[in-house]
Amino acid sequence: MENLVIVDIGSNSARMSIYRIENDGYCVELKRSKSDSRLSEGMGKEKILQPVAINRTINALKSFKRIYSSMNNATVITIATAAVRQAENQKAFIRKVRKKVGLDVRVLSGREEAYYDYLGVVNKIKMNDYMVMDIGGASIELVRVQGKKRRDLISLPIGAVNISERFKLNNSVHAADLFNAQRFLKENIHRVPWLKKADHYQLVVLGGAARSLARINRSHQHFKNSDNLNGYHLNQRQVMGTYELLLRKNLHNRKEIHGLENERADIILGGLLPLITVIDEIDSRRIVFSEGGVREGLIAEYIKKHYRNY
């Protein structure tokens, strides 16, 4: 038996998940923690990680370490995604994490992130043909799945934080800013060469913006448990209606919406706009939510490699 710790340095939040793996490869989650460290904040066109954001992230990693350091026989895997992947000062950040926290960071390429998303989703969602969409703080990943097999995948450097900052979607939204954001996203997503192969596919969505969308709707539908999201689904009309609701409110009023975390209220419009764009591009009528993602994909790979009997 061993304990596997996965530390995920994301663009909007840092997360830690701890799993116990039995000798036969059976895996159960013991604990998860999250910090809204927003590493990609203020990167701008120069793609420079900012000192304040770096320090927030370092502090989050230190708090995670205090938890897993007390565990016996723990293997720690640390990954970083879009913010660190895009950063001009990536190497300096990795050195600082190693010096301050003692963690060796593996920076995932965009294609690796998309692939692990697929691995994390495929065993949790009982469908054959669909498209996976992971909406992160500084990137989105798209994977076309046919017959449960990945056929195409791509990562785009577009996410909730950088869209919100670039087009001023954080508070009250002006029509010109929204129009420019929509045009920008449509141009970039339309360039994905294989996207038309996914016409009318169901969308399986993950990431912070997707979770917020699901929780808002579950709260309005009076679900007792707003966190059990795997397999929950909405139709196109419900998604568009929720987006319109959010769009009509300023930041202060968005914070009063049940199901939406205060820490995400300023970037929720920038996070959902890529989803709205993809729904429109492929005319997806059903949006399904998955609890699987990069971390679950890494676990699947780790168990397959180290527990062959499983």
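Keep in mind the model is a prediction, meaning the values are calculated, not measured.
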ask   = Quick one: does NZ or CZ of R211 land under 6.0 Å from the six-membered ring centre of F289, within 45 degrees of the ring axis?
value = no

ask   = Where the side chain of R56 meets the backbone of R38, is there a donor-acceptor pair that is under 3.5 Å apart?
value =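 Yes; at least one donor-acceptor contact below 3.5 Å.
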
query = So, N230 side chain and E291 main chain: donor-acceptor pair closer than 3.5 Å or not?
reply = yes

Any side-chain heavy-atom pair of [X] and [Y] under 4.5 Å:
X: S212; Y: L260; answer: yes
X: T75; Y: V5; answer: no
X: S63; Y: K65; answer: no
X: S290; Y: V204; answer: yes
X: L153; Y: Y118; answer: no

List the atom of [X], the atom of [Y], and the distance in Å for their closest heavy-atom pair.
X: P274; Y: I189; result: O-CD1, 4.0 Å
X: W194; Y: M131; result: CZ3-SD, 3.7 Å
X: V121; Y: G292; result: CG2-O, 3.9 Å
X: N73; Y: M1; result: ND2-O, 2.7 Å
X: R32; Y: S17; result: CB-OG, 4.1 Å
X: I125; Y: V288; result: CD1-CG1, 4.1 Å

query = Under a 4.0 Å N-O cut-off, is there an ion pair linking K34 with E261?
reply =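 Yes.
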
key: N-O pairing of D8 and R295 below 4.0 Å   =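 Counted as a salt bridge, because a side-chain N and a carboxylate O are separated by less than 4.0 Å.
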
